[in-house]
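This report concerns only the one structure given below.
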Amino acid sequence: MKQEHDIVLGLGATGYSVVRHLHTQYPVSVFDSRLGRDTDAIPFLNSVRVDYPDVDVISPRGYKRALESARRVIASPGIPLSNSMLKWAQIERIPVVGDIDLFMEQVRVPVIGITGTNGKSTTVTLVADMMQERGYVACGNIGTPALDMLKSKATGYVLELSSFQLERLQNGPFKVATILNISEDHLDHHGSMENYRAAKQRIYQDAEFAVYDHLRPETVPNNVLPGIELNRDPNWTVHENGITVGGELLRQSEIALSGFNYLQNLLTAAAIASQLGASIEDVVRVARTFKGLPHRAQSLGVFGGVEFINDSKATNVCAAIASIHEQYVEGSKLILICGGDGKSAGFEELGVCIDKFVAHAILFGNDAPSIASCIHRTSYEFVPSMDVAVSVAVDVSQSGDKVLLAPACASFDMFTDFAHRGATFAKCVSGLQG
């Protein structure tokens, strides 16, 4: 019988971090469904072959045989539970886990778990900034795989978690956990909103403390946990003129960014950080200095009197609607650029919002026709690329207007990811200076 080994399923950034983590501990094999079909699309295949020649790369025909001696399968986040490779593992009664399970097995310091449809990266960054002097670092879905941070000297971790990571989470004893919000997204992966919500709720299953929002019932834990109920507890609320943090008012004039959704994220971050020792001074320092993350309601400047806003991270309908609301100014025109891969979402609510607040919509990508079918009053047109979209936006706008990129869709039909899409938009806009 062949020696037992771990099979890493999927060779993206997370899968490669699992290989790095495990290869000195157990025999490791890797498999990616693109092997033999689209090998060039597997980003870390060559790195595995060069850096870890002892790691066996399983051929498509060899996967079932490899399962016969598998100890467990570590599946990358984007692989759905319905995937046939995981089904075969389950039939063979081989445990299927994710990278976060491996991380939680090893970590010996407090871990904060943060999820939500929108605002995860911003909130994770805010918490990490508030806890910076206490040695906390951010990792997970925000960019740096969690396993890559285990060798750091962190005294705590702020972990961004996607629904993909949570749906297979076996072990999540988070010191503090939160769901920021839940709206329609990733239905092509989860199959239904019920499954999507259930995946998000797994963040609370072994948590010690929860932070959730009274105004968003979907964020309330299904299980009974001690916690802070934002916007019900008078010590933790959002106001028109700022937020109340631990009973102290932090006025909008002391906060660098505005908008209800941002203030909600800031309040959540403050409540989480306060549970782990952050002071009001830490909160105020971050509130005054945090300018936002790239591709998230990012102003690219004013060209010809027209402001261009890059909100490429608005990858779902709810985020795009929130972006439109926050950027709309009565008395001026808002030009919207949107489209891409809608992940099986419906666009009816987006259409209503566009009809009410948008002067002209510029649509691109796979689901542009689906978005157009939900627009009934606002003028719109289809474009083949980002540079054409920006050119059209210039033609239909005038001084005092805004042009907003808020795609309401994923980017993978035309771009590498949302950052690539946002960078492409920014590059096109920067060309207007000439």
Side-chain angles (χ1 to χ4, degrees), residues 257-262 291-340 342 347 349-409 411 413-415 418-434:
L257 298 178
S258 60
F260 176 81
N261 289 312
Y262 173 70
K291 304 296 185 182
L293 299 176
H295 315 298
R296 297 161 174 86
Q298 176 188 21
S299 178
L300 300 178
V302 178
F303 304 90
V306 178
E307 185 177 12
F308 287 77
I309 308 293
N310 171 17
D311 203 2
S312 182
K313 191 61 173 70
T315 57
N316 55 67
V317 167
C318 183
I321 290 173
S323 186
I324 291 167
H325 277 285
E326 291 190 4
Q327 297 302 329
Y328 173 76
V329 177
E330 191 171 357
S332 66
K333 291 193 301 181
L334 181 64
I335 314 301
L336 176 68
I337 301 174
C338 71
F347 296 106
E349 291 184 25
L350 178 64
V352 171
C353 182
I354 289 173
D355 282 335
K356 188 172 182 180
F357 297 108
V358 173
H360 187 73
I362 302 166
L363 310 176
F364 62 86
N366 287 348
D367 280 314
S370 298
I371 297 172
S373 70
C374 296
I375 300 173
H376 303 296
R377 296 180 183 175
T378 296
S379 60
Y380 63 83
E381 60 191 285
F382 301 109
V383 295
S385 62
M386 188 65 79
D387 60 334
V388 176
V390 171
S391 178
V392 169
V394 171
D395 290 342
V396 300
S397 60
Q398 58 188 13
S399 182
D401 294 344
K402 285 186 180 183
V403 174
L404 170 66
L405 172 66
C409 295
S411 57
D413 57 334
M414 296 175 67
F415 304 94
F418 76 87
H420 178 214
R421 178 172 58 194
T424 302
F425 177 60
K427 183 177 180 180
C428 294
V429 171
S430 67
L432 299 176
Q433 294 183 40

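Values below: all heavy atoms of this structure, side chains included; hydrogens, waters and symmetry mates excluded.
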- Task: Please lay out, stage by stage, how Glu381 and Val392 fare under the test side-chain contact (heavy atoms from CB on, under 4.5 Å).
- Result: CA-CA 9 Å; Glu381 60 191 285; Val392 169; 3.3 Å; yes
Would you give the length of the straight line joining atom [atom1] of [X] to atom [atom2] of [Y], rounded to the nearest 0.5 angstrom?
X	Y	atom1	atom2	result
Phe418	Ser411	CZ	OG	8.5 Å
Tyr262	Leu257	OH	CG	5.0 Å
Leu336	Leu405	CG	CG	8.0 Å
Cys338	Leu350	SG	CG	5.5 Å

- Taking the six-membered ring for Trp, are Phe364 and Phe415 parallel (under 30°), tilted (30 to 60°) or perpendicular (over 60°)?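 Rings of Phe364 and Phe415: perpendicular, over 60°.
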- Indicate yes or no: at least one non-hydrogen side-chain atom of Ile362 is less than 4.5 angstrom from one of Phe382.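 A side-chain contact is absent here, since even the closest heavy-atom pair is not under 4.5 Å.
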- How about Arg421 and Pro407: do any of their side-chain heavy atoms sit closer than 4.5 Å?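 Yes, at least one pair of side-chain atoms sits under 4.5 Å.
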- Task: Under the side-chain contact (heavy atoms from CB on, under 4.5 Å) rule, what do Tyr328 and Leu404 come out as? Steps first, then yes or no, please.
- Result: CA-CA 10 Å; Tyr328 173 76; Leu404 170 66; over 6 Å; no
- Item | For Ser258, all residues meeting side chain to side chain donor-acceptor pair (under 3.5 Å), sequence neighbours excluded |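 In terms of side chain to side chain donor-acceptor pair (under 3.5 Å), with neighbours along the sequence ignored, Ser258 is linked to no residue.
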- Please name all residues satisfying side chain to side chain donor-acceptor pair (under 3.5 Å) with Asp413, sequence neighbours left out, ordered by chain then number.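 Expected list: none.
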- Task: Could you check Ile335, Ile309, Leu334 and say which one makes a side-chain contact (heavy atoms from CB on, under 4.5 Å) with Val403?
- Result: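 Answer after filtering Ile335, Ile309, Leu334: Ile335.
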- For Val329, enumerate each residue passing the side chain to side chain contact (heavy atoms under 4.5 Å, CB included) test, keeping only those at least two apart in sequence or located in another chain.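 Listed in chain order: Ser332, Lys402.
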- Inter- and intrachain pairs under ring-ring contact (aromatic ring centres under 6.0 Å, His included), touching residues 384-409, at least two apart: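 Counting only pairs at least two positions apart or across chains, no ring-ring contact (aromatic ring centres under 6.0 Å, His included) contact touches residues 384-409.
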- Item | Where Cys409 and Ile371 come nearest, the two heavy atoms and their spacing |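 So the two residues come closest at SG-CD1, 4.2 Å.
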What donor-acceptor contacts under 3.5 angstrom involve side-chain atoms of residues 319-326, with partners at least two apart or in another chain?
residue, atom, partner, partner atom, Å
Ser323, OG, Asp311, OD2, 2.6
Glu326, OE2, Asn261, ND2, 3.3

- Any pair counted as side-chain hydrogen bond (donor to acceptor under 3.5 Å, both in side chains), so long as it reaches residues 295-304, sequence neighbours left out: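 Only Ser121-Arg296, His295-Asn310, Gln298-Asn310, Ser299-Glu307 qualify under side-chain hydrogen bond (donor to acceptor under 3.5 Å, both in side chains).
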- Message: With a 3.5 Å distance limit and no angle check, can you tell me whether Asp355 reaches the backbone of Thr378 through a side-chain donor-acceptor pair?
- Response: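 At least one qualifying donor-acceptor pair exists.
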- Message: One pair to check against side-chain contact (heavy atoms from CB on, under 4.5 Å): Met386 and Lys427. What are the steps and the verdict?
- Response: CA-CA 10 Å; Met386 188 65 79; Lys427 183 177 180 180; over 6 Å; no
- Task: Show your reasoning for whether side-chain contact (heavy atoms from CB on, under 4.5 Å) applies to Phe347 and Glu349.
- Result: CA-CA 6 Å; Phe347 296 106; Glu349 291 184 25; over 6 Å; no
